[in-house]
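Data block below; observations after.
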Amino acid sequence: MAAVDNSANPQRRLVLLGGGHAHVHVLQDLARQPIPDFAVTMITPFARQMYSGMVPGLVAGHYTADQASIALPPLAQAAGVTMLQDAAVGLDAGACDLQLQSGGRVSYDLLSIDTGAVMRRDEPPGADEHALFVRPIEHFVQGLDTLLTRESQGGEPLDIVVVGGGAAGVELAMALQHRMRQAAPRPGQNGSRVALLTGGEAPLAGYPAEVMQRAADTLKDQHIAVFLDTCIEVRVGHLMLGSGARLACDTAVLATGAQSPTWLQGSGLALDGRGFVQTGATLQSRSHANVFAVGDVSSRVDVQHPRSGVYAVRAGPPLVANLRLWVAGQSLKAHTPQQRTLNLISCGQRSAIVSWGNWSAQGRWAWWWKDHIDRAFIKRYSRAMPLSTQPA
Ligand SMILES: Cc1cc2nc3c(=O)[nH]c(=O)nc-3n(C[C@H](O)[C@H](O)[C@H](O)COP(=O)(O)OP(=O)(O)OC[C@H]3O[C@@H](n4cnc5c(N)ncnc54)[C@H](O)[C@@H]3O)c2cc1C
């Protein structure tokens, strides 16, 4: 895409929409070196960014919410970025105008979107009223906290069904089982049960066969019943399954796939068939050169990769580099996402499965490795450098 001379106009506006994994890096980078003559605003609904990789550990009781999240206001303050706790509900990319949930509007010269994916709340029927959705993660964490506090304070035993056989569903089922067992007066004696409903395929479908086997064996060892069936309705006390059976359930935790936000429809931005923002190698929108999009909300037209936190995190440095180049009117650089990622799947009991390509292993050491990587990530963004301490 051709470079535009954007360097002459003072005090233009860069809006960072969403406090996602790539944008925390942008904030930290701006704290080191502000963009001259640009007023930067971050718009995001929550004051902290939950680090999804640590959410299963939070559910298992290994971390507190503070240990598993990045506080955004200190990062924004250090970067000289104005933070608005709000959310986009509409976008007119042609007019460079964002509509916010509060009723306000914000216009921009340059927009960067890192708002993640969403889950449709009307699927399956009854879910909106009776289920806990894993996204937004902030709401999930609060909802689960209420539920587990009730359970640990001597409430009735719970039948929890985690719906979704991907990595998030498998990790959450094992984390919940661990948490319930720990909370019991004697391990395993409180009568609460966790089951996993996969949607039809075996748990971790799409992973190498050895990893799937490890997951199946571990779920069995932990007495987590696995149902290869779909949930077609959530009702009080049970789930209706595609096979016609009913599955007893006090709380359904929905860890089903990621969907695109509806507010992108009608924005004028080029979207893929599923409604995600189409971008190219420079992370720019295919239709609007002053809009960048990264992470789960985006869809690269030139390369395909899974929607995962790893890719969102890795997009941070090339994103901020290209925002700076755009501002300076210079040619942007292509970002090539890595082809494989290290997968660390936590198994609840401070144990994890690790996989790289077709190689895999499992053990407590893998959990400690994951723990080290995750804590280092949080630590990196918990030390924002204030503007006053920047080198001249
Ligand atoms: C339980 C669970 C465990 C997971 N574990 C892993 C893992 O171990 N490894 C891994 O790689 N991936 C994991 N994932 C996937 C990972 O969470 C996502 O791929 C990752 O969060 C995507 O990052 P992102 O920056 O695109 O978006 P997000 O992390 O979703 O961040 C989006 C940000 O935008 C804000 N926002 C949302 N809507 C709006 C709006 N309308 N306006 C303004 N701001 C908005 C949000 O509040 C948030 O701050 C897991 C997911 C779940 C649910």
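Because the structure is a prediction, the values reported are computed rather than measured. Start at 1 and go down the list; that is how both ligands and their atoms are numbered.
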Checklist entry - For ligand 1, which atoms sit closer than 4.0 Å to a heavy atom of Asp114? => result 24 (P), 25 (O), 26 (O), 32 (C), 33 (C), 34 (O)

Next on the checklist: If you apply the rule side-chain hydrogen bond (donor to acceptor under 3.5 Å, both in side chains), what do you find for His25 with Tyr381, and how did you get there?
Outcome noted: CA-CA 8 Å; His25 181 83; Tyr381 295 107; 3.1 Å; yes

Next on the checklist: Is there a side-chain contact between Arg48 and Asp66 in this structure, where contact means two heavy atoms from C-beta onward sitting under 4.5 Å apart?
Outcome noted: yes

Checklist entry - Among protein heavy atoms, which lies nearest atom 38 (N) of ligand 1, and at what distance? => result Thr115 O, 3.7 Å

Item to check | Atoms of ligand 1 close to Ile43 [distance to a heavy atom under 4.0 angstrom, numbered from 1] | outcome: 43 (C), 44 (N)

Checklist entry - Would atom 44 (N) of ligand 1 count as contacted, meaning some protein heavy atom under 4.0 Å? => result yes

Checklist entry - Considering only heavy atoms of Gly20, which atoms of ligand 1 have at least one such atom less than 4.0 Å away? => result 25 (O), 31 (O), 32 (C), 33 (C), 49 (O)

Next on the checklist: What protein heavy atom lies closest to atom 23 (O) of ligand 1? Include the residue and the distance to one decimal.
Outcome noted: His21 ND1, 3.2 Å

Checklist entry - Identify the closest protein heavy atom to atom 35 (C) of ligand 1: which residue and atom is it, and at what distance? => result Thr44 OG1, 3.6 Å

Item to check | Aromatic Phe38 / basic Arg13 pairing, under 6.0 angstrom, 45° off normal | outcome: no

Checklist entry - What do the steps show when you test His335 against Thr282 for side-chain hydrogen bond (donor to acceptor under 3.5 Å, both in side chains), and what is the final call? => result CA-CA 6 Å; His335 167 55; Thr282 59; over 6 Å; no

Checklist entry - Given Gly169, Ala88, Ser308, which has its nearest heavy atom closest to atom 42 (N) of ligand 1? => result Ala88

Checklist outcome for this item: Logged contact type for Gln49 with ligand 1, heavy-atom cut-off 4.0 Å, is side chain

Next on the checklist: Against ligand 1, does Pro261 come closer than 4.0 Å with any heavy atom?
Outcome noted: no

Checklist entry - What part of Val134 sits under 4.0 Å from ligand 1 if we count only heavy atoms: the side chain, the backbone, both or neither? => result side chain

Checklist entry - Any idea which atoms of ligand 1 are less than 4.0 Å away from a heavy-atom of Gly295? => result 26 (O)

Checklist entry - Going by the order shown, which atoms of ligand 1 are within less than 4.0 Å of some heavy atom of Trp263? => result 41 (N)

Checklist entry - Distance-only, no hydrogens or angles: does the Asp128 side chain make a donor-acceptor pair with backbone N or O of Asp122 under 3.5 Å? => result no

Next on the checklist: Any nitrogen or oxygen of Val310 lying under 3.5 Å from a nitrogen or oxygen in ligand 1? Just yes or no.
Outcome noted: yes

Checklist entry - What atoms of ligand 1 come within less than 4.0 Å of a heavy atom belonging to Gly18? => result 34 (O), 35 (C), 43 (C), 44 (N)

Checklist entry - In the protein, what heavy atom is nearest to atom 10 (C) of ligand 1, and what distance, to one decimal place, separates them? => result Gly309 N, 3.3 Å

Checklist entry - Tell me, which protein residue and heavy-atom name are nearest atom 52 (C) of ligand 1, and how many Å apart are they? => result Ala168 CB, 3.9 Å

Checklist entry - Would Ser107 and Asp97 satisfy side-chain hydrogen bond (donor to acceptor under 3.5 Å, both in side chains), going step by step from the backbone distance to the final call? => result CA-CA 4 Å; Ser107 57; Asp97 179 56; 5.8 Å; no

Next on the checklist: Using a strict threshold of under 4.0 Å (side-chain N to carboxylate O), is an ion pair present between Asp272 and Arg274?
Outcome noted: no

Checklist entry - Thinking salt bridges, do Arg135 and Asp296 make one under a 4.0 Å N-O criterion? => result yes

Checklist entry - Judged by modelled atom types alone, do Thr218 and Gln362 share a side-chain donor-acceptor pair under 3.5 Å? => result yes

Item to check | Closest protein heavy atom to atom 7 (C) of ligand 1, given as residue, atom name and distance to 0.1 Å | outcome: Gly53 CA, 3.9 Å

Checklist entry - Which option out of Pro136, Ser52, Pro56 puts a heavy atom nearest to atom 6 (C) of ligand 1? => result Ser52

Checklist outcome for this item: Nearest non-hydrogen contact to atom 26 (O) of ligand 1 from the set Asn343, Asp296, Val294 belongs to Asp296

Next on the checklist: Please list, in number order, the atoms of ligand 1 under 4.0 Å from a heavy atom of Leu17.
Outcome noted: 42 (N), 43 (C)

Item to check | Atoms of ligand 1 close to Pro45 [distance to a heavy atom under 4.0 angstrom, numbered from 1] | outcome: 35 (C), 36 (N), 43 (C), 44 (N), 45 (C), 47 (O)

Next on the checklist: If the threshold is 4.0 Å, N to carboxylate O, is there a salt bridge linking Asp29 and Arg324?
Outcome noted: yes

Item to check | Check against side-chain hydrogen bond (donor to acceptor under 3.5 Å, both in side chains), Ser298 and Gln278 | outcome: CA-CA 6 Å; Ser298 67; Gln278 281 190 321; over 6 Å; no

Item to check | Proximity of Leu344 to ligand 1 by residue part, where a heavy atom lies under 4.0 Å | outcome: neither

Item to check | Nearest-neighbour protein heavy atom for atom 27 (O) of ligand 1, which is reported as residue plus atom name and distance | outcome: Gly116 CA, 3.2 Å

Item to check | Shortest non-hydrogen separation from Pro203 to Val226 and the atoms involved | outcome: CG-CG1, 3.8 Å

Item to check | Pair His21-Tyr51, ring pair (Phe, Tyr, Trp, His ring centres under 6.0 Å): steps then yes or no | outcome: CA-CA 8 Å; His21 291 71; Tyr51 180 43; 5.8 Å; yes

Next on the checklist: Please verify the inter-ring angle class for Phe46 with His139; under 30° counts as parallel, over 60° as perpendicular, anything in between as tilted.
Outcome noted: perpendicular

